[in-house]
Amino acid sequence: MSRIVVIEDESAIAELIAINLRHAGHQVTLAASAEQAQREIGAQLPDLVLLDWMLPGQSGLALARQWRADPRTRGLPIIMLTARSQEADKIAGLDVGADDYLTKPFSTQELMARIRAVLRRRAPQALDDAVEVGVLRLDPSTRRVSGGECELKLGPTEFRLLHYLMTHPERVHSRAQLLDRVWGDHVFIEERTVDMHVKRLRECLSPGQCAGMIETVRGAGYRLTQQVRSLAA
Ligand code: CA
């Protein structure tokens, strides 16, 4: 399930979008102005924002530009919505770093398809798609994890941690990044909590012979890999 903030001042449109998104299983928060949007994003980073161009006060374009300049919100997936259809506006929207652009009126199917495409590219951990890395398989919709033929039992935190690592394999994640992405930003937990959950995750994976896929990268963090490394090295 993904958290989406819909920033749109026309309440009829906002409500319609919200109904469709909720129906598709997303968690939706509405914001009718730039100020309200800033408060929502400030309180908790969502997985994606739908951002209307024309808002009372600050424009959606200015908001997008501001978010792209802030390290905390730099990676926030943004789809811009607008009644404008001029090519120049579209370019301006993409220039400030919007991930996609939708011109009103748009169909619900098109909106859903664009949201899925942006999430798949930018925040795959927010989707319910089953993921496979090597012999490991994780299915968010059934909450099942297996290593080869072996069904693995994971606690909720270990499940989220593994889901994040599997949707971003072969990359090194620092403890701070994992806290942000898996536990949520604004959550004040010590970094050694990550070490504790990684240790538990390895224990959960060991019946499937997959514990070695979670590597400790000294001085950097953790990585999920399917590269088999020689233990003798
Ligand atoms: Ca508007």
Side-chain angles (χ1 to χ4, degrees), residues 1-129 140 164 167 180-187:
M1 184 191 61
S2 46
R3 285 177 297 106
I4 299 179
V5 175
V6 178
I7 305 155
E8 163 68 85
D9 59 311
E10 286 157 85
S11 58
I13 296 176
E15 285 299 337
L16 186 66
I17 292 175
I19 287 167
N20 284 303
L21 289 177
R22 286 181 184 130
H23 187 70
H26 301 290
Q27 188 186 315
V28 184
T29 310
L30 297 179
S33 67
E35 291 70 32
Q36 217 182 326
Q38 294 284 33
R39 272 202 303 279
E40 291 297 339
I41 306 296
Q44 193 184 23
L45 271 183
D47 296 306
L48 182 142
V49 295
L50 290 181
L51 177 58
D52 187 31
W53 183 302
M54 299 295 281
L55 293 168
Q58 206 179 13
S59 76
L61 197 66
L63 266 181
R65 189 176 292 127
Q66 230 172 299
W67 287 332
R68 284 296 179 255
D70 180 342
R72 179 175 168 259
T73 46
R74 186 167 292 150
L76 183 63
I78 299 173
I79 298 179
M80 294 221 50
L81 307 177
T82 183
R84 302 169 182 226
S85 56
Q86 301 292 314
E87 189 66 14
D89 295 334
K90 182 170 180 168
I91 291 165
L94 296 172
D95 261 357
V96 296
D99 295 281
D100 204 352
Y101 192 100
L102 221 51
T103 306
K104 296 177 199 170
F106 46 79
S107 73
T108 303
Q109 289 92 322
E110 185 174 15
L111 175 65
M112 296 304 156
R114 300 286 188 99
I115 288 174
R116 283 192 76 76
V118 169
L119 285 176
R120 192 169 292 128
R121 202 165 73 231
R122 304 291 307 278
Q125 73 280 6
L127 289 171
D128 271 350
D129 297 344
Y164 185 78
T167 47
D180 264 11
R181 306 292 152 75
V182 178
W183 278 261
D185 75 329
H186 289 328
V187 176

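Every number for a ligand or one of its atoms is a count from 1 in the order of the listing.
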Would you check if there is a donor-acceptor pair between the side chains of Q58 and E35 at a distance under 3.5 Å? no
Ion pair check, R114 and E110, cut-off under 4.0 Å: yes
Sort by chain and number the protein N/O/S atoms found under 3.0 Å from the Ca ion (ligand 1). D9 OD1, D52 OD2, M54 O
Heavy-atom side-chain contact between R22 and Q27 under 4.5 Å: no
Pair listing, salt bridge (Lys or Arg N to Asp or Glu O under 4.0 Å) test, anchored in residues 50-59, at least two apart: D52-K104
So L50 and V5, do their side chains get closer than 4.5 Å, heavy atoms only? no
Using a strict threshold of under 4.0 Å (side-chain N to carboxylate O), is an ion pair present between D47 and R181? no
